[in-house]
Each structure stands twice: as C-alpha cells, then as structure tokens.
Amino acid sequence: MLKVEGINVYYDKIHAIKDVSFQVKEGEIVALIGANGAGKTTTLHTVTGLIRPKSGAITYFPEREANLYDLTKMPPHKMVEMGLAHVPEGRRIFLQMTVLENLEMGAFCKGKATKEDLDRVFARFPRLQERKKQVAGTLSGGEQQMLAMGRALMSHPKLLMLDEPSMGLSPILVEQIFDIIVELHRSGTTILLVEQNAEMALQIADRAYVLESGRVVMEGVGSELAASEEIRKAYLGG
Amino acid sequence: MVFLSFINNLINGVSLGSVYAIIALGYTMVYGIAKMLNFAHGDIIMVGAYVCFFMVSSFGLNPVFGILSAILVCTVLGILIEQLAYKPLRQANSLAVLITAIGVSYFLQNAAQLMWTSNPRIFPAIFGNGGLQLAGGQLMVPYKTLVTIGVCVIIMVGLILFTGKTRTGKAMRACSEDKEAAQLMGINVNRTISITFAIGSALAAVAGVLLCASYPKLIPTTGSMPGIKAFTAAVFGGIGSIPGAFLGGILLGVIEIFSSAYLSTELANAIVFLVLIVVLLVKPTGLLGKRTSEKV
C-alpha cells in the first residue's frame, strides 16, 4: 500500500537519504531499523511530507481504493484524511492540552471526535480514560506514548507509522507498547515501525529494512534478519 | 474629594488599560501561534480608527457601521500583510521576520501620511458626551468608558471560550505548541495562522475606535505608542497567555494614570516601563506566564 522508490533527501548540502526504496504491503508490519543517525526518522518525515525529497517517488495506494496518491506532492495535513497516521519520535503530544483535547486533535480531520472513537481508544488504553481531564504534560513517559498512539488511532488509520515508540521507556513498558502494536496489527492496521531497538522490532516484523548512513544495506524477513550473523553483530549485541 | 478623585483616576486607568488589553490580546494571540512579534499591530489600530473616522465624519454614517467597516478593513489588511510579508518568511530566522514587521509598521504609517496627511483629525464622539452620574452627581463615568471596559471583558471571555471550546480554537493551541505535530493531525497550519491574524487585526480595529473615542486626536502615528505599550502589557502579563494580556493591559493602564495623577505626567511612561523591568527581573515569564517543562 506504500511504495517508496529511490528517494534522495538533502539537508542543505548533506546527502541524508541516498536512493532509499522500500515498500509496505497491506496487513504487514514492516520495520526500518538502524543505528542513531542512519536516516530512519528522516525517511519517515519524507513519507509524511514534513521534508520533501530531491528525487524519487512515494506512492500510496490503499487496496480497497483504485486511487494512487503521489505523497511527494501532497501537503502533510491532507495525509491523515487518506488514512496515514504518523506517531512522531519523542511522542510530540500537546503537553499543555488535556488528554481528551489531544485525542480530539487526533480526530481533527473527521470534524468532531465521536464517543465511539473515544471509547475505542479508552478501551485499549484504560490509563488515558482515568486521566482524560489531566494536562498531558503531567503524564509519565509510558502514558505519553500511549496518548500519542491513541491520538493517532482517533483518525482510523489504514497505515500507522510509529517512530521509536520504545524510546526512553523501561523494558516492561517497551513490552507493553509492543504488545499493543501487535494487537493493532491483528485488528487490521498495517504498520510501519521505525526502531533503534532492533531486537524488539525484528520479533514482531514481517519484513525489515536495515538503514546505514542513509542507505538501505539489507532487507528481508524479520526472523531471518534476526538470525543473520551480520545483524546479530551490528545491532543485537552478539 | 480625595477619595472621589482616586475613584475617578482608577476608572480612567481601567478604561485606558482596557484599550491596552484589547491590543495586547491581539499581540499575544499572534505571538502564541505564529511565534512572531507583529510590530505592525499598533499601526493596524490607526488604520481602523481612520476608517471609522471617515465613515462617520466624512460620510455621516452611523457609528455602528463605522465600527463594522473598521473591523472589516483591518481584518482584510491583517490577512493581506500576513500573506504578502510574513508567509514567505515562514522558514526564515526570527530576526528577519522581526525586521520585516518593523518595515510593515513604517510602511503603514507612511502610507497613511500619504493618503490622509499628517494633519490631526478630531475623532467624533461616537458614544456621546453623556455619562453615568454617581455619588449624587459628584462622579460622572462617561458612557465611552463603560463601553470600553465592557467590550474588553466581553472580548477576553470570548477568546477564552473560543480557544478552550471550539475546534478551530483548539487547533490554534495545538499549532502554538507544535506546528509539525499539528500538521500530522491534519490541521492546516497556514490557514490557522491566517485566522489568527484575522482575529488579531479585528481586535486592533476595535481597539483603535475605543482609543480614539477617549483620546480623539488622530494622526498616522496614533497607534504606535499604544502598540508598544500593549506589547509591554502582553509581556508583563506573560506573552502567549490570554488572561495575562488582559491583566497586564489593565495594570499598565492603571499604573500609567496613577503615575501621571500622583507623581508626574512627564515621568508616567518611564514609571510604566520601570515597573515592567522590575516584574521581569522577579518573574521572567510575566505575571501569568507558564514555564514550559518538557518530558522527553
């Protein structure tokens, strides 16, 4: 449903993303893994239009629709309507707004946040319901990640893009977040996961791409990559 | 007698402060969302006052129509300025935007001078010369004062409700916190900024009319000093905060009137800015400003 072909991204003169191609098929969990600074976040920002590529193509084609969308031309605020939701690195929730208001912003493209949508998110993240009147800045790191994901779910995404959901969380919370990702996937959401935590990401990914200095250096089935000698040495600590 | 004159000064202070507050509300909203100091804001006040002046004095129209035309012209002007002067600089550094804003300010003043000359015009008494008699006729509160204070309170409450309850208002707060994240929610950031400029400029028009109703001498630089003082008021109350702009404006007006009544007319402005400096030394975020803490 998403096809990225040979994109090149520059920050001024720095060639940050070099000829990166990958695709996500409907119903998959695809992981982009790699070290800090490999270009994972930049790649994701390019997909959602926050950065524009100098060359290359990004197309989005939800299966039940006949349409093909050129994402390199689409303004970022239009993408949510198309079913693309991006949970950015560092959560980026609205810290001075309440939990409820954050969720309402997630449903902005739909007009009003419906009660069913709120209930659906609260059922998945009961902690958010308990704290719905609280200002988001007072939440713990794990709760903030849940809010960021809940906020994205308010728009009924077809493709959910998660950028480093495990960042800064304790191992138990990371487990929890990954369990939720798997559940979301089972309930029919396609997932593009950007992770530094390669071990966790490869456990749940159908396929994965390894980025190094802005290039895709390896790709394959999640479990096969997890077993490969090179990946073990470089990313899994032995 | 001393007590009555104190009350009289207080009312005048609150009235002047209300005008500052309305201007400061516009400053603070634009700053909060566009993260820029729109130094041309004061000159939009002047344009609003001129429009109302011509409608009422030259064309003999009803003051209500004069005020509405001022609001309309200023709203359009605000959106135009944003589109032509500030939008192309969205990615530029804040110094470039600041200098542009100062440029727009001078442009408006000089354009006004060219079109309307620098001869002072006397703004009509659109709220009449009557007033409310209090304390057995010893104290008169002019209607224009009552209108000014009332309008200011209505505007502040209206803005709090707008940003707190409506979809567009909440989107503004989201943009003010994090524009990229707001875009990812499907919020059109450019449109939100335009709406903010429209609201701020409409408020400037109202402020211009109210200012000139109390201080009727109208020249092309009429808006400049109140604009700077209202900016001071916004910083004083905590820039970005709506109740802060209101409180800062009222306090600034009261301090100014009291200083000139009891201390020295010449030093009134100096005292106003001295108070600002002291407040900022003690509380750098302003009276109601929030310190933003971020969790990573």
Side-chain angles (χ1 to χ4, degrees), chain A residues 44-45 47-51 74-98 100-113 135-145 147-148 151-152 154-155 157 161 163-164 167-169, chain B residues 28-29 31-35 83 87 90-93 159-196 238-245 285-286 288-296:
Chain A
L44 211 52
H45 279 209
V47 172
T48 27
L50 296 176
I51 308 168
M74 191 183 290
H77 66 263
K78 292 269 184 220
M79 295 195 189
V80 202
E81 286 169 44
M82 311 275 109
L84 287 137
H86 176 173
V87 180
E89 185 180 7
R91 359 254 191 240
R92 305 279 285 271
I93 55 171
F94 304 113
L95 295 168
Q96 292 173 32
M97 299 172 83
T98 65
L100 190 62
E101 285 172 335
N102 267 279
L103 294 176
E104 286 171 357
M105 287 298 106
F108 187 85
C109 67
K110 304 214 166 295
K112 262 183 92 76
V135 173
T138 62
L139 300 180
S140 71
E143 289 164 348
Q144 291 194 2
Q145 183 60 47
L147 179 55
R151 184 177 69 172
M154 289 297 289
S155 68
M161 293 174 275
D163 196 347
E164 303 274 6
M167 196 171 77
L169 300 182
Chain B
T28 237
M29 284 195 71
Y31 176 81
I33 283 100
K35 294 284 175 282
Q83 292 287 318
K87 195 179 170 190
R90 201 82 89 216
Q91 310 300 330
N93 69 43
L159 284 181
I160 289 179
L161 290 176
F162 175 70
T163 53
K165 303 277 180 215
T166 68
R167 180 168 174 260
T168 312
K170 287 178 194 172
M172 276 183 183
R173 281 161 59 214
C175 287
S176 124
E177 269 200 59
D178 189 334
K179 285 193 188 55
E180 266 185 11
Q183 280 186 310
L184 295 179
M185 301 298 111
I187 296 169
N188 185 338
V189 172
N190 279 328
R191 213 186 60 198
T192 309
I193 292 178
S194 289
I195 295 172
T196 311
I239 193 134
S241 152
I242 289 173
T285 50
L288 301 182
K290 277 172 272 183
R291 219 182 313 131
T292 46
S293 62
E294 273 180 53
K295 242 179 211 157
V296 195

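Only heavy atoms go into these numbers, but all of them, side chains included; no hydrogens, no water, no symmetry mates.
Both the backbone and the side chain of B/Gln183 come within contact range of chain A, judged by heavy atoms closer than 4.5 Å. Of the atoms belonging to A/Glu81, not a single heavy atom falls under 4.5 Å from chain B. For A/Met79, no part lies near chain B; criterion is any non-hydrogen pair under 4.5 Å.
Contact count against chain B (heavy-atom pairs under 4.5 Å) is highest for A/Gly111 among A/Gly111, A/Gly106, A/Ser155. Per-residue counts of heavy-atom pairs under 4.5 Å with chain B were compared for A/Met154, A/Met97, A/His86; the largest is that of A/Met97. The candidate with the highest count of non-hydrogen atom pairs below 4.5 Å against chain B, out of A/Pro75, A/Cys109, A/Pro76, is A/Pro76.
Using a 4.5 Å heavy-atom cutoff, the side chains of B/Asp178 and A/Ile93 are not in contact. A/His77 has its side chain out of reach of B/Arg191: every pair of non-hydrogen atoms, C-beta onward, lies at least 4.5 Å apart. Two residues are said to be in side-chain contact when any heavy atoms from C-beta on lie closer than 4.5 Å; B/Met172 and B/Met29 meet this criterion.
More than 12 heavy atoms of other residues, nucleotides or ligands lie within 6.0 Å of CZ in B/Arg90, so this atom counts as buried by the packing criterion. Within a 6.0 Å radius of NZ in A/Lys78, other residues, nucleotides and ligands contribute 12 heavy atoms or fewer.
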